[in-house]
Asks: 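Below: one structure in structure tokens.
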Amino acid sequence: MNAEHRYADRFLSPELFEWQSQNRTTRASRDGERIQNHRALGLHVHLLVRPTKRAGATITPFIYCGEVDFVSWEGDNPITVRWRLREPVPPTMRSALKVPAD
């Protein structure tokens with residue numbers, strides 16, 4: 001995969017996820033406004049992740065982690081956003097999703 005298409009998405013804790021937007025997105029853009037103000041705009045953001053894209057020749061499924069809320073952001077082109085999960089990742093899933101311990 002080209003470096004420009006590799007996103008640095010990761011769990012920071014069982015309740016916090018760090019996500020990068022597309023490279024063209026800025027905080028001042030329409031998409032940036034929707035990210036930061038999603039709740040006020042009535043938008044629901046859902047987090048789906050997968051530990052790897054493939055397991056051999058098989059494409060791996062996404063795992064639904066629930067709704068998230070905006071916490072903070074930094075940068076532009078892309079924006080790095082921190083989201084708080086409404087429910088923490090269950091202990092049984094933390095190893096598979098590479099969630100750091102509290």
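It should be emphasised that the depicted structure is a prediction, and the values quoted were computed from it without experimental measurement.
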Asks: The criterion is side chain to side chain contact (heavy atoms under 4.5 Å, CB included); which residues satisfy it with P88, sequence neighbours excluded?
Replies: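 Side chain to side chain contact (heavy atoms under 4.5 Å, CB included) list for P88, sorted by chain: P14, E15, R94.
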Asks: Hydrophobic cluster mates of L16, side-chain heavy atoms under 4.5 angstrom, ILVMFWY only, any path?
Replies: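 Besides L16, the cluster holds L12, V71.
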Asks: Could you walk me through whether H38 and F70 pass side-chain contact (heavy atoms from CB on, under 4.5 Å), step by step?
Replies: CA-CA 8 Å; H38 70 94; F70 176 84; 3.8 Å; yes
Asks: For T60, is there any backbone N or O sitting under 3.5 Å from a side-chain donor or acceptor partner on R50?
Replies: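 Yes; at least one donor-acceptor contact below 3.5 Å.
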Asks: Are more than 12 heavy atoms from other residues, nucleotides or ligands located less than 6.0 Å from atom CZ of R39?
Replies: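 Counting neighbours around CZ of R39, 12 or fewer heavy atoms of other residues, nucleotides or ligands fall under 6.0 Å, so no.
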Asks: Residues two or more places apart in sequence or in another chain: which of them pass side chain to side chain contact (heavy atoms under 4.5 Å, CB included) with R24?
Replies: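 With neighbours one apart ignored, the set is Q22, D31.
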Asks: Supply the members, apart from F62, of the Ile/Leu/Val/Met/Phe/Trp/Tyr cluster built from side-chain contacts under 4.5 Å; use none for a lone residue.
Replies: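 ILVMFWY cluster around F62 also holds L48, Y64.
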Asks: Look at the side chain of D69 and the backbone N and O of W83, then say whether any donor-acceptor pair between them is shorter than 3.5 Å.
Replies: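 Not at all, since once roles are kept as given, no pair shorter than 3.5 Å links the two residues.
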Asks: Do the non-hydrogen side-chain atoms of F17 and V68 ever get within less than 4.5 Å of each other?
Replies: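 Side-chain contact under 4.5 Å: no.
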Asks: How far apart are the C-alpha atoms of V49 and W19, what are their side-chain angles, what is the distance that settles it, and do they pass the side-chain contact (heavy atoms from CB on, under 4.5 Å) test?
Replies: CA-CA 11 Å; V49 298; W19 168 81; over 6 Å; no
Asks: Evaluate the side chain to side chain donor-acceptor pair (under 3.5 Å) criterion for residues R82 and S72: first the C-alpha distance (whole Å), next the side-chain angles of each, then the deciding distance (0.1 Å), finally the verdict.
Replies: CA-CA 5 Å; R82 278 168 218 85; S72 64; 3.0 Å; yes
Asks: Please check: side-chain N/O of S21 versus main-chain N/O of I79, any donor-acceptor pairing under 3.5 Å?
Replies: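 Indeed, once roles are kept as given, a pair shorter than 3.5 Å links the two residues.
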Asks: Minimum heavy-atom separation for Q20 and D9, please, with both atom names.
Replies: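 Looking at all heavy atoms of both residues, the shortest contact is N-OD1, 2.8 Å.
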Asks: Pick one: which of H44, H46, R84 meets side-chain hydrogen bond (donor to acceptor under 3.5 Å, both in side chains) with E67?
Replies: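 The passing option is H44.
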Asks: Is there side-chain contact between N77 and T25, with heavy atoms separated by less than 4.5 Å?
Replies: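 Answer no - side chains too far apart.
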Asks: Look up atom NZ in K98 and atom CZ in R10, then write down how far apart they are to the nearest 0.5 Å.
Replies: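 Result: 13.0 Å between the selected atoms.
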Asks: Taking ILVMFWY side chains as joined if any heavy atoms are under 4.5 angstrom apart, and letting links pass through other members, which residues group with L43?
Replies: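 Answer for L43: L41.
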Asks: Work out which heavy atom in G32 is nearest to a heavy atom in W73; give both atom names and the distance.
Replies: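 Minimum heavy-atom contact is O-CZ3, 3.2 Å.
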Asks: Say you draw a straight line from SG of C65 to CD of E87; how long is it, rounded to the nearest 0.5 Å?
Replies: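 Atom-to-atom, C65:SG and E87:CD are 12.0 Å apart.
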Asks: If you round to the nearest 0.5 Å, how far is CD of E74 from OG1 of T80?
Replies: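 Spacing of OG1 (T80) from CD (E74) equals 5.5 Å.
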Asks: List in chain and number order the residues that pass side chain to side chain contact (heavy atoms under 4.5 Å, CB included) with P51, two or more places apart in sequence or in another chain; answer none if no residue qualifies.
Replies: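 P51 satisfies side chain to side chain contact (heavy atoms under 4.5 Å, CB included) with I63, L97 only.
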